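Side-chain atoms are counted along with the backbone in the values below, which use heavy atoms only and exclude waters and symmetry mates. Lettering follows sequence order; numbering is per chain, from 1. Because the structure is predicted, anything quoted here is derived from the model rather than measured.
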2 protein chains.
Amino acid sequence: MNDSELISVLSRRGIRPTQQRIAVYKYLLTHPEHPSADTIYRALVEEYPVFSRTTIYNSLGALIEAGLVRQVNICADEQRFDATVTDHGHFFCKECGKVYDFGFDSPAMVSRLCPRGFIKEQGDVFFTGICKHCYSF
Amino acid sequence: MNDSELISVLSRRGIRPTQQRIAVYKYLLTHPEHPSADTIYRALVEEYPVFSRTTIYNSLGALIEAGLVRQVNICADEQRFDATVTDHGHFFCKECGKVYDFGFDSPAMVSRLCPRGFIKEQGDVFFTGICKHCYSF
DNA sequence: GCATTTGTTTGTATTCATTACAACTTTGCT
DNA sequence: AGCAAAGTTGTAATGAATACAAACAAATGC
């Protein structure tokens, strides 16, 4: 996705396509490893020397509000963020700290877990354990 | 579960059944609404005036290590704790803020979602939305 | 074009959950 | 009893997230 496409995506969602928001969104799109606010900040401050931590949080807030980004509550110590908003699961490796995405064979299955009468807006499946790569040792 | 039963449960899990750990565990067993560390602290300090916040965290850590308690990453701002360790889901109502537990029709279904080669230690299904009671209005 | 207002960014100060640490206490064992 | 190991306590430190006010930019009205 190039910059003009990003601008139109943000505009269509009703938020002003500022340089900072575009940079944050672009970073999330190109780094699907669920970075923390701090990770995003460290990366972007290299590229744009004047970039405030607060702006990271503000931009993430605006993007979440607009439905373009999701918050992932997978680690206890810090929030992680994810530009993939379609239903998918997360696997957190206790060993290497990475968060892996995985799809569902049948997405409807997950919705079927939701109890009757409860209106589901967002669903997440979280697993914690040892990832494929760390288990080899 | 009375105190002597609690003592034997803790002992069997390999942790010393101290008064404080028993108190924390008993609180979680009798309060299934997923309290935070602070909520537990405030409640227990009433009963046992000398009770440190650090002890709450230490006890929770020991109980989690022993597999008797689970950490629930429901809110971004604070950890919640849960003495129900069998696989179950959580529904967070945006309206009333309550966290509902729900079981699965077929628990194996959840494990089947875990990607191949990844060693699952803990699984959690988490829905956000509007609960049955808030939807009625 | 210029002034006004509205929204955004920035940097610093603050909040607050959690952790680190060292002194003290309790428990288990011989 | 006496000793070592484990647990508890309170305070201090950490660090992610938020509040806030000043500076800045962009949109609107004239």
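- A distance-only check finds a donor-acceptor pair linking the side chain of Ser52(A) to the backbone of Thr54(A) [under 3.5 Å].
- For the pair Arg16(B) CZ and dT8(D) C1', the interatomic distance rounds to 11 Å; values are reported in whole Å.
- Contact annotation: the side chain of Asn73(A) never approaches that of Ile74(B) to less than 4.5 Å [non-hydrogen atoms, C-beta and beyond].
- Other residues, nucleotides and ligands contribute at most 12 non-hydrogen atoms within 6.0 Å of the CD atom of Gln19(B).
- Straight-line distance from the CD atom of Glu78(B) to the P atom of dT19(C): 13 Å, rounded to whole Å.
- In this entry the distance linking CG of Asp77(A) with P of dA13(D) reads 22 Å, nearest Å.
- Remark: P of dT8(C) and CZ of Phe51(A) are 14 Å apart, rounded to the nearest angstrom.
- Rounded to whole Å, the distance from CD1 on Ile40(B) to C1' on dT18(C) is 14 Å.
- Nearer to the 5' terminus of DNA chain D, by closest-nucleotide assignment, is the contact made by Gln19(B) (compared with the other of Arg80(A) and Gln19(B)).
- As a whole-Å value, the separation of Asn73(B) CG from dT18(C) C1' is 14 Å.
- Counting heavy atoms from C-beta on, the side chains of Ile130(B) and Phe91(B) never come closer than 4.5 Å.
- The CZ atom of Arg21(A) sits 12 Å away from the C1' atom of dA26(D) (whole-angstrom rounding).
- To the nearest angstrom, C1' of dA17(C) lies 12 Å from CZ of Arg42(B).
- Tested against Asp82(A), the residues Arg70(A), His88(A), Gln71(A) include a single side chain to side chain donor-acceptor pair (under 3.5 Å) partner, His88(A).
- Taking 4.5 Å as the limit, every side-chain heavy atom of Val69(B) sits out of range of all side-chain heavy atoms of Val85(B).
- Listed in residue order, the members of residues 52-72 of chain A having a heavy atom less than 4.0 Å from DNA chain D are Thr54(A), Tyr57(A).
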